[in-house]
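In what follows, a structure is listed as structure tokens, so that the remarks can point back to it.
Keep in mind that what you see is a predicted model, and the values were worked out from it rather than measured.
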Amino acid sequence: MKLQLLAAVATTVLMAVPLLASANDQGWYVRGNVGYGSHTNINLTGNVVGDAESEGGVAGSLGIGYGFGNNWRVELDGAQMFSRLGALSQLPESPTKLRTTTAMVNAIYDFDDFGKFKPYVGAGVGYGRVALGADVHDFVNDEGALVKNTGCIDAAGACFVNGSDSGFGWQLLAGVGYDITENLVWDTHYRYQALGGKDFTGKSGDNSIKTHIDSSGAHMLMTGFRYKFGAPAPKIMHTCWDGASVENMASCPVQPPVVEYTTCWDGSQVEVGVGTCLAEPVRVTCWDNSVVSDATQCPVQPTFTCWDNSIVSDAAFCPAQPTYEQQLCANEYRQEIIYYKFNKPQSVETQEKIRNIVDTGANCAVVNIHVVGHTDSTGAAAYNLGLSKRRASDVRKELIRQGVSENLITSEGKGETELFIDTGDGVKEQLNRRTEVLIRLSSVGVVN
């Protein structure tokens, strides 16, 4: 029943934790807690055998720690608990007792945004010492006969154990602090300790005996105080809708309702939910954006669309279409982009794009040509960098082969560092697998 009560309290604290936000305390503190605890059931083997269940006892803990101001704090924690275990396997003349002492380093995460209450969770590792006392004797039954106590596996008739064993231990904590003042916190927490198996020695007559516990641990529920050193943290003030400054937004006065207005088609305004706009007259927008009251009043729409998408009434009115060469030399900068299949250094588009670049070089005043290779984010970064360099180098070599001066061409590879579409790592995206060729002209217009 005691273990169930402790577990229920711990579960309640842990379920409340996800509902809360973070704390921000920084500096040194000391802590002291006392309370109630119960050791886990133990099973003794060896010269002293049997099961024992803790009757519960007083628990205490002291700690010194440091808060980092980012929700985390670390503390050095010492704890001790004593409990009587009662009769060993319900046998007469077999009282047992257990004392645990621990020294651990805890890492604790605090939560806030729930008024003065600040729950926390934590875990610790360190040293644990378990002291066992057992006095198992033969006993006289109700008929007056001496009965061998089966809890003592020894011919002498009595087993005495009063020893200790120590080693690695760990613990879990869940608790809540309440800010009494800026520096003083009422601290209540539950902790579970696990100290592992332990070995003990004792006496039976003149003989040395041994016994072993498979596992040892404890549940503790303690309360106390935590004192934080240093000056109190500055108060965080909030500004209300009316300009007032308060510590808690809940203290702001109630804001009066805001009256909203809507603007009607004719420019008038009416209160939302109260007034209504006048009905707007029927309007028809014609193809030329003129507005009439009837569609039959719209002007006749031209029926010929030119190469530049301009609309005229006769094809003779279309502007002259620029030649292929004029289009190549129409801008100071011209860009060609070659796309690649996954993990391929060459593209089926290369020759078509190369022809456009060569034609630009033959008809325009070219200053330089810069070739930049890119990859998507699939694969290792070093491999992608090499692949992008090979793609750019292949394009440069083909341009030189077809007569473009190598002095005009530079190339480099960017790998996956400049994605056209930011997909994140490990994603195949064809638009990122590309080689960009940027051509710069010294003057616009055909020169040959």
Side-chain angles (χ1 to χ4, degrees), residues 5-37 58-81 102 104-124 171-193 218-255:
L5 176 60
L6 290 170
V9 173
T11 301
T12 301
V13 174
L14 289 171
M15 289 177 65
V17 165
L19 303 176
L20 310 174
S22 57
N24 190 30
D25 292 328
Q26 183 173 5
W28 292 97
Y29 67 87
V30 292
R31 174 187 56 75
N33 299 79
V34 294
Y36 175 83
V58 176
S61 171
L62 294 174
I64 180 171
Y66 184 82
F68 294 98
N70 60 350
N71 309 95
W72 286 100
R73 52 189 169 95
V74 175
E75 68 174 25
L76 179 63
D77 166 55
Q80 188 175 85
M81 194 187 80
T102 59
M104 299 195 186
V105 176
N106 299 325
I108 300 173
Y109 187 87
D110 289 304
F111 297 81
D112 199 2
D113 200 25
F114 200 62
K116 294 186 176 182
F117 290 95
K118 297 177 180 177
Y120 60 85
V121 292
Q171 63 184 3
L172 300 175
L173 303 97
V176 61
Y178 177 80
D179 290 337
I180 299 175
T181 67
E182 293 287 349
N183 295 89
L184 186 61
V185 178
W186 178 22
D187 184 293
T188 302
H189 71 261
Y190 159 84
R191 70 174 64 191
Y192 169 73
Q193 292 183 336
H219 300 270
M220 304 179 195
L221 183 62
M222 294 184 285
T223 189
F225 297 95
R226 186 182 343 135
Y227 184 82
K228 298 180 288 185
F229 296 98
K235 294 181 179 180
I236 300 176
M237 305 302 290
H238 303 275
T239 303
C240 301
W241 63 271
D242 60 352
S245 183
V246 296
E247 292 185 46
N248 192 329
M249 291 294 288
S251 303
C252 290
V254 177
Q255 185 173 2

Could you walk me through whether M222 and R191 pass side-chain contact (heavy atoms from CB on, under 4.5 Å), step by step?
-> CA-CA 8 Å; M222 294 184 285; R191 70 174 64 191; 3.5 Å; yes
Got a donor-acceptor contact below 3.5 angstrom from the D77 side chain to the N106 backbone?
-> no
Measure the shortest side-chain to side-chain distance between L221 and Y36 over non-hydrogen atoms and say whether it is less than 4.5 angstrom.
-> no
Please report the C-alpha distance between Y227 and V185 in whole Å, then the side-chain angles of each, then the deciding distance to 0.1 Å, and finally whether the side-chain contact (heavy atoms from CB on, under 4.5 Å) criterion is met.
-> CA-CA 6 Å; Y227 184 82; V185 178; over 6 Å; no
Between the main-chain N or O of D187 and the side-chain N or O of N33, is there a donor-acceptor pair closer than 3.5 Å?
-> yes
Go through the side-chain N and O atoms of Q193 and T102 and say whether any donor and acceptor fall under 3.5 Å apart.
-> yes
Can W28 and F229 be said to form a ring-ring contact (aromatic ring centres under 6.0 Å, His included), step by step?
-> CA-CA 6 Å; W28 292 97; F229 296 98; 8.8 Å; no
Closest non-hydrogen atom pair between S61 and R31, with its separation | OG-NH1, 3.1 Å
Compute both the distance and the angle, then confirm whether R73 meets the cation-pi test with Y120: under 6.0 Å from the six-membered ring centre, within 45 degrees of the axis.
-> yes
Can you label the angle between the Y178 ring and the W186 ring as parallel, tilted or perpendicular, going by 30° and 60°?
-> perpendicular
Using a 4.5 Å cut-off on heavy atoms from C-beta on, say whether the side chain of V121 contacts that of F111.
-> yes
After noting the C-alpha distance and the side-chain angles of V176 and H189, does the key distance pass the side-chain contact (heavy atoms from CB on, under 4.5 Å) rule?
-> CA-CA 6 Å; V176 61; H189 71 261; over 6 Å; no
Looking only at heavy atoms, the pair that brings A123 and L173 closest together is N-CD1, 4.1 Å
Aromatic plane relationship, Y109 with W72 - under 30° parallel, 30 to 60° tilted, over 60° perpendicular | perpendicular
Donor-acceptor under 3.5 Å (D242 side chain, A244 main chain) | yes
How close do W241 and V254 get, heavy atom to heavy atom, and via which atoms?
-> CZ2-O, 3.7 Å
Nearest heavy-atom neighbours spanning L62 and G32 = CD2-CA, 3.9 Å
How about Y66 and E75: do any of their side-chain heavy atoms sit closer than 4.5 Å?
-> no
Over all atoms of both residues, closest heavy-atom pair of G177 and R226 | CA-NH2, 4.3 Å
Step-by-step side-chain contact (heavy atoms from CB on, under 4.5 Å) determination, Y192 to Q171 | CA-CA 5 Å; Y192 169 73; Q171 63 184 3; over 6 Å; no
So, for M220 and A59, which heavy atoms are closest and what is the spacing to 0.1 Å?
-> SD-CB, 4.0 Å
